[in-house]
Amino acid sequence: MDSSEKEELVEESFSSTSQQPACNSNQGNIFSVFLEPFQWLQMLSSQLNPTFIFGIVLVYGLSQGFSGSFFKVVTDYYWKDVQKVQPSVVQLYIGLYYIPWIMKPVWGLFTDVFPIKGYRRRPYFVVAGVVGGASAFMVALFGNLPAALALGCLIGVAAGMAIADVTIDACIASNSIKVRSLAPDMQSLCGFCSSAGALIGYSTSGFFVHHLGAQGALILLAIPPVFITVLGFVIYEMRSTSLHSEKHKAMETLGGALRGMYQTIKFPQVWKPSLYMYLSLALSISTHEGQFYWYTDPKAGPAFSQEFVGVIYAIGAMASMVGVLIYHKTLKDIPFRNLLFFAQLLYGTSGMLDLIFILRWNLVLGIPDYFFVIMEECVSRIISRIRWIPMIVLSTRLCPLGIEGTFFALLMCIDSLGSLTSKWAGGIVLHTLHVTRTDFTNLWLVVLIRNTLRFATLGLIFLVPKADQSDALIPPDILTNNSTVTADDEGLELVSKNEIDEI
């Protein structure tokens with residue numbers, strides 16, 4: 001069955017499922033709404049492959065969603081209570097977690113160019129599971145590990161997540177090409193699984209830290225890699241029989257992709273928005289560890305319990321979903337520059353809530369700590385999501401045809417580099433202003449500097465194109481016809497969507 005036949009079957013499936021509720025009674029309609037997600041999953045499994053859907057659920061739900069959120073909370077307590085590291089140092093350590101994610105283009109090239117025993121994807125799921133599981137077991141079971149070795153193990157856990165993410169993304173890209181009509185459904189499934197997993201991870205992290213301790217709770221991070229390893233043996237993949245010729249062809253494709261990436265990034269239409277995305281992340285220096293230490297300090301701070309810290313993050317995860325809905329319903333038709341300007345403005349303004357909390361002005365206003373911090377977390381998560389999604393959409397608009405997958409991975413690598421810079425810069429500021437495990441005198445000043453930099457980022461908004469989110473920002477032949485692109489700033493809006501359709 002070819003791709004067109006599959007898409008016709010998909011459309012028939014959609015039409016049949018959409019007509020079914022109209023034929024039922026009110027009670028039947030309610031029951032149909034309840035069954036609709038399961039029917040949707042059944043439709044995806046029938047049109048694609050059940051093991052592929054199982055892979056999305058495992059990687060995005062269990063590995064990224066649950067492990068990522070659980071990892072964030074538990075490692076914060078691990079560095080604070082077990083290793084007893086200063087918050088400024090922890091910021092530098094956490095920045096190193098981003099290295100495996102910065103290397104995503106490298107992992108992607110490995111899965112494309114270096115098949116193992118004829119398989120491009122399955123062996124790398126096994127590698128991801130083994131690396132992540134072994135690292136989690138080591139840091140959880142061996143006490144009194146030197147900080148450097150513990151850091152190496154935690155980076156290994158992050159590497160396992162990153163490799164599994166790249167591998168399943170390659171499978172998603174392949175299936176999106178084969179059955180184009182299901183591409184949005186696959187992305188929706190990824191987003192839902194990730195959000196649901198994060199909600200569970202945040203909700204349970206504080207409970208396990210309280211009852212097992214920070215080091216004991218890390219053992220749970222070894223469970224998802226076991227399932228990822230099993231996935232490597234069960235996910236369906238055709239074995240290639242012409243390894244030598246395909247590898248030679250892949251190496252030639254790799255060379256062409258690298259040349260195309262270099263050629264594309266030189267155009268102002270591409271490097272200016274890319275520079276803005278990097279700087280907007282890097283200049284918003286992270287103060288997370290300083291605030292976390294203050295949150296849990298029994299003398300200087302509000303002394304939140306482990307369970308309540310997990311609840312804060314869980315509510316924040318739900319607020320992120322609200323941010324997605326707000327963007328999808330009301331903001332997706334606003335031009336890039338306008339939307340990112342006001343999102344950045346709100347981002348800087350919402351940061352002032354942290355300043356109010358640290359200075360305890362909320363108590364002067366009669367607002368309890370627990371209520372204020374939940375309100376602040378919800379507001380900041382919603383605004384962060386509204387600010388982040390347009391950047392992802394903008395990134396997709398900067399990718400030229402032919403190397404769109406590789407170039408998108410490069411842009412995500414740049415974003416990860418911005419997050420790493422934010423963590424390290426925040427650690428340096430915390431250290432410079434002498435914010436320690438017990439001294440939070442200057443924490444308010446660190447937060448004020450962070451907020452000032454967020455507002456300063458508004459001065460860089462000219463790097464963002466004025467185009468609508470549905471417009472094409474680069475010509476389709478950018479890699480073959482250099483003369484169509486000029487260095488004029490207004491060239492950021494070279495080609496409209498209608499012009500692309502006419503081409």
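Just the heavy atoms: all of them, side chains too, but no hydrogens, waters or symmetry mates, feed the values below.
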Report the C-alpha distance between Ser274 and Ile265 in whole Å, list the side-chain angles of each, state the deciding distance to 0.1 Å, and finish with yes or no for side chain to side chain contact (heavy atoms under 4.5 Å, CB included). CA-CA 9 Å; Ser274 302; Ile265 201 67; 4.3 Å; yes
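- Looking only at side-chain heavy atoms (C-beta outward), Val322 and Met318 stay at 4.5 Å or farther from each other.
- Between Ser63 and Pro224, the shortest heavy-atom contact is CA-CB, 4.4 Å.
- Between the CE atom in Met321 and the OG atom in Ser195 there is a gap of 4.5 Å [rounded to 0.5 Å].
- Between atom CD1 of residue Ile326 and atom CD1 of residue Ile386 there is a gap of 4.5 Å, rounded to the nearest 0.5 Å.
- Considering every non-hydrogen atom in both Arg381 and Ala319, the closest pair reads CB-CB, 4.0 Å.
- Contact detail for Gly160 and Val131: the closest heavy-atom pair is N-CG1, 4.5 Å.
- Looking at heavy atoms from C-beta onward, Ser286 lies in side-chain contact with Gln91 at the 4.5 angstrom threshold.
- Within the 3.5 Å criterion, the main-chain N or O of Pro302 finds no donor-acceptor partner in the side chain of Asp369.
- Side-chain N or O atoms of Thr330 include none that pairs as donor or acceptor with a backbone N or O of Tyr327 at under 3.5 Å.
- Taken from CE in Met391 to CE in Met412, the straight-line distance is 10.0 Å, to the nearest 0.5 Å.
- For Gln83 and Tyr78, the side-chain atoms include at least one donor-acceptor pair closer than 3.5 Å.
- When all heavy atoms are compared, the tightest approach of Ser67 to Leu221 is O-CD2, 3.8 Å.
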Determine whether Asp354 and Arg450 satisfy the following criterion, salt bridge (Lys or Arg N to Asp or Glu O under 4.0 Å), listing intermediate values before the conclusion. CA-CA 11 Å; Asp354 288 328; Arg450 180 202 68 183; 2.9 Å; yes
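- In this structure the side chain of Ile168 reaches within 4.5 angstrom of the side chain of Tyr60, judged on heavy atoms.
- Of the possible donor and acceptor atoms, none in the side chain of Ser88 sits under 3.5 Å from a partner among the backbone N and O of Leu430.
- Scanning both residues, Ile285 and Leu453, for their nearest heavy atoms gives CG2-CD1, 4.0 Å.
- Using a 4.5 Å heavy-atom cutoff, the side chains of Cys153 and Phe142 are not in contact.
- With hydrogens and angles ignored, the 3.5 Å screen pairs no side-chain donor or acceptor of Thr287 with any backbone N or O of Gly290.
- No donor-acceptor distance shorter than 3.5 angstrom exists from the side chain of Ser205 to the backbone of Val74, with no hydrogens or angles considered.
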Take Val209 and Phe70, measure what side chain to side chain contact (heavy atoms under 4.5 Å, CB included) needs, and give me the verdict at the end. CA-CA 10 Å; Val209 170; Phe70 194 86; 5.9 Å; no
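- Note that CG of Asp165 is 9.0 Å distant from SG of Cys190, once rounded to the nearest 0.5 Å.
- With values rounded to the nearest 0.5 angstrom, Ile102 atom CD1 is found 6.0 Å from Cys413 atom SG.
- With ring centers used as reference points, Trp424 lies 6.0 Å or more from Tyr93.
- No more than 12 heavy atoms of other residues, nucleotides or ligands sit less than 6.0 Å from atom CZ of Phe227.
- Annotation: Glu307, atom CD; neighbour count of heavy atoms from other residues, nucleotides and ligands within 6.0 Å is above 12.
- Of the possible donor and acceptor atoms, none in the side chain of Lys423 sits under 3.5 Å from a partner among the backbone N and O of Leu420.
- Two residues are said to be in side-chain contact when any heavy atoms from C-beta on lie closer than 4.5 Å; Glu289 and Asp76 meet this criterion.
- Here the side chain of Trp294 pairs a donor or acceptor atom with the backbone of Ala300 at under 3.5 angstrom.
- The number of heavy-atom neighbours closer than 6.0 Å to NE2 of His431, taken from other residues, nucleotides and ligands shown, is 12 or below.
- Remark: aromatic rings of Phe304 and Tyr370 are distant, center separation not under 6.0 Å.
- Phe292 places a side-chain heavy atom less than 4.5 Å from the side chain of Lys80.
- Distance check, rounded to the nearest 0.5 Å: CZ of Phe71 to CE of Met161 gives 5.5 Å.
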Intermediate values then yes/no, side chain to side chain contact (heavy atoms under 4.5 Å, CB included), Phe54 and Ile235: CA-CA 8 Å; Phe54 179 63; Ile235 192 169; over 6 Å; no
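- Ring planes of His211 and Phe207: tilted class, angle from 30 to 60°.
- At a threshold of 4.5 Å between non-hydrogen side-chain atoms, the residues Phe66 and Thr204 count as touching.
- Here the side chains of Thr229 and Phe125 are not in contact, with every heavy-atom distance at 4.5 Å or above.
- Among all heavy-atom pairs drawn from Trp79 and Tyr97, the shortest one is NE1-OH, 2.8 Å.
- When atom types are taken as modelled, the side chain of Ser350 and the backbone of Leu346 share a donor-acceptor pair closer than 3.5 angstrom.
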Worked check of side chain to side chain contact (heavy atoms under 4.5 Å, CB included) between Thr421 and Leu281: CA-CA 8 Å; Thr421 305; Leu281 293 170; over 6 Å; no
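- With sequence neighbours left out, the side-chain hydrogen bond (donor to acceptor under 3.5 Å, both in side chains) criterion links Tyr98 to no other residue.
- Judged as a side-chain hydrogen bond (donor to acceptor under 3.5 Å, both in side chains), and not counting sequence neighbours, the contacts of Gln344 are Arg387.
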